[in-house]
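By convention in this document, chain letters (A, B, ...) are assigned in the order of the sequence lines, proteins followed by strands, and residues within each chain are numbered from 1.
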Amino acid sequence: MEDSQFAVQAVVTKPEKTSGRGMKLHSSPVYTLAKQMNIPVWTPLSLKDSKPLESLKSLDISAVVVVDYGLILPSYLLNWFSNRVFNIHTSLLPRWRGAAPIVHCLLAGDKKTGVTLQKMVPRLDAGDIIYQLGFDISDQMNSLDVLKKMESLSFQLMSKYLPLFLNGAISPVSQDESSATYASKIEKSQLKINWSDSSGDLFNKVRAMVIKNGVYTLYQGSRLKIWSADYDNESHQEECGKIMLYNGKGLKVACGQGHLYLKEVQLEGRKIQKIAPFLRGFPLKTGYIFD
RNA sequence: CGCGAGGUGGAGCAGUCUGGUAGCUCACCGGGCUCAUAACCCGGAGGUCGCAGGUUCAAAUCCUGCCCUCGCAA
């Protein structure tokens, strides 16, 4: 942001809170960066009360951009800066409105996604679309790769297309409500692998959940995370979750339909490892059934 | 003071409980063998056992402090 033609007048972010190992005090990266650059920062606990932010009104603000804030934006803010509040959403709206668009688009096996610059309205991600930048998702991409791609595209939206809109060169388009889909929040329970799922679904799940700290299965009571995998659709009669064999493609595991090949894994308390070196130090038993 | 695991040749681990020669799989170098293989056989190099103290005739191993990595939970 600091490179664009905008001057950042103020930053509002969540307050510092205790978190992480040892429950130490941590602040958001935005907070840290803003402090370094001597930009005024507000960190209200809640936005229900408008008083803490009153002083924002006196600033010369041409646009308010909301990025990944996690708290519901109250209507008084929209009123203060009417028609000047924008949001960058990490999907091609109206598909995947809501909390976890990147994860859901990978879970669904979407071949395309993108970022959307929209107007903020009281309804969730339902604002008029100012501009969208799309791209193809390859089988090799996981959710982190997608996010990384989106970061650069988001920057383009901010630095190029937002100014164009503010100058009147772009007119917003309303969303097609009939094709809207919603990306619900991801629950912890969704991170455990259900081996009766099809290999294709599990392959998508592995890629999608990387950004959520990875999917896992249980081996003799210990968590084994799966960071990357491959799959086939061969039919078989084996029990779901059974370790079949190890070959150049990975560690072959039977699924509800087809097989998943584990390529990068991580056991509790250890580092992420390619499957070959991992098996050297921790030989998984062929024939074991993952839970 | 949220709970827990770990730091040992280049990689991954065992050894720590019960102190006494630095071990295994792989990679690497040299040699051999095979039509062939993540192949096999023989030989070799490579380690301040995270750091700092302490106990001991003797510490990877026991005690204390610190650094770093990771899993869970928030």
Note to self: Going by side chain to side chain contact (heavy atoms under 4.5 Å, CB included), name the residues that satisfy it together with A/Pro172, two or more places apart in sequence or in a different chain.
What the structure shows: A/Lys119, A/Asp128, A/Ile130, A/Phe165
Please list, for nucleotides 24-29 of chain B, all pairs of protein and nucleotide N/O atoms separated by less than 3.5 Å.
from	atom 1	to	atom 2	distance (Å)
B/C26	O4'	A/Arg280	NE	3.4
B/C26	O2'	A/Arg280	NH2	3.2

Next item on the list: Go through the structure and list residues passing side chain to side chain contact (heavy atoms under 4.5 Å, CB included) with A/Asp60, not counting sequence neighbours.
Entry: none
Next item on the list: Report the residues that fulfil side chain to side chain contact (heavy atoms under 4.5 Å, CB included) with A/Gln140, sequence neighbours left out, ordered by chain and then residue number.
Entry: A/Ser138
Checklist line | Distance-minimising heavy-atom pair for A/Leu93 and A/Ile129 | finding: O-CD1, 3.6 Å
Check: Between B/G7 and B/C62, how far is it from one P atom to the other, in whole Å?
Finding: 12 Å
Check: In dot-bracket notation, what is the pairing pattern of RNA chain B, taking Watson-Crick (N1-N3 plus N6-O4 or O6-N4) and G-U wobble (N1-O2 and O6-N3) contacts under 3.5 Å, with [ ] crossing and | for other strands?
Finding: .(((((((.[[[[.)....(..]]]].(((((.......))))).....[[[[[..)....]]]]]))))))..
Notebook entry, point to check: Taking only residues two or more places apart in sequence, or in another chain, which ones meet A/Lys242 in a salt bridge (charged side-chain N to carboxylate O under 4.0 Å, His left out)?
Noted result: A/Glu238
Check: How many Å lie between NZ on A/Lys271 and C1' on B/U8, as a whole number?
Finding: 14 Å
Check: Okay, side chain of A/Thr13, backbone of A/Val30: is any donor-acceptor separation there less than 3.5 Å?
Finding: no
Could you pull out all donor-acceptor pairs under 3.5 Å where a side-chain atom in residues 209-221 of chain A meets a protein atom, sequence neighbours excluded?
from	atom 1	to	atom 2	distance (Å)
A/Thr217	OG1	A/Trp195	NE1	2.9
A/Thr217	OG1	A/Asp291	O	3.1
A/Tyr219	OH	A/Lys285	N	3.1

Please list, for nucleotides 71-74 of chain B, all pairs of protein and nucleotide N/O atoms separated by less than 3.5 Å.
from	atom 1	to	atom 2	distance (Å)
B/G71	OP2	A/Arg21	NH2	3.3
B/G71	O4'	A/Gly269	N	3.1
B/G71	N7	A/Arg21	NE	3.4
B/G71	N7	A/Arg21	NH2	3.3
B/G71	O6	A/Arg21	NE	3.3
B/C72	OP1	A/Lys225	NZ	3.4

Notebook entry, point to check: B/A14 and B/C24: how far apart are their C1' atoms, nearest whole angstrom?
Noted result: 7 Å
Check: Rounded to whole angstroms, how far apart are NZ on A/Lys274 and P on B/A11?
Finding: 15 Å
Notebook entry, point to check: Do A/Leu279 and A/Leu284 come close enough that some side-chain heavy atom pair is under 4.5 Å?
Noted result: yes
Checklist line | Test salt bridge (charged side-chain N to carboxylate O under 4.0 Å, His left out) applied to A/Arg95 - qualifying residues, sequence neighbours left out | finding: A/Asp110
Check: Mind checking the C1' distance from B/A27 to B/A38? Whole angstroms is fine.
Finding: 12 Å
Checklist line | Whole-Å C1' distance, B/U21 and B/G47 | finding: 15 Å
Notebook entry, point to check: Within this structure, what is the CD-to-P distance between A/Glu264 and B/G12, rounded to whole angstrom?
Noted result: 14 Å
Check: Which pair of non-hydrogen atoms, one from A/Leu202 and one from A/Asn194, has the smallest distance, and what is that distance?
Finding: CD2-O, 3.8 Å
Item checked: Separation of the P atoms in B/G15 and B/U56, to the nearest angstrom -> 28 Å
Margin query: A/Arg97: which residues meet the side-chain hydrogen bond (donor to acceptor under 3.5 Å, both in side chains) condition with it, sequence neighbours left out?
Written below: A/Gln175, A/Glu177, A/Tyr182
Next item on the list: Measure from CZ on A/Phe282 to C1' on B/C13 and round the result to the nearest Å.
Entry: 11 Å
Scan nucleotides 37-39 of chain B against the protein and return all N/O pairs shorter than 3.5 Å with their distances rounded to 0.1 Å.
from	atom 1	to	atom 2	distance (Å)
B/A38	N1	A/Tyr246	O	3.1

Item checked: Pairwise C1' distance for B/C70 and B/G30, with rounding to whole Å -> 39 Å
Note to self: Please give the distance between the C1' atoms of B/U61 and B/U18 as a whole number of Å.
What the structure shows: 10 Å
Item checked: With sequence neighbours excluded, residues passing side chain to side chain contact (heavy atoms under 4.5 Å, CB included) with A/Lys249 -> A/Asp230, A/Asp232, A/Asn247, A/Tyr261
Item checked: Rounded distance in Å between the P positions of B/A59 and B/C49 -> 11 Å
Note to self: If you define the side chain from C-beta out and look only at heavy atoms, does anything of A/Trp80 sit under 4.5 Å from A/Ser50?
What the structure shows: yes
Notebook entry, point to check: Parallel, tilted or perpendicular: which describes the rings of A/Phe278 and A/Phe282, with under 30° parallel and over 60° perpendicular?
Noted result: tilted
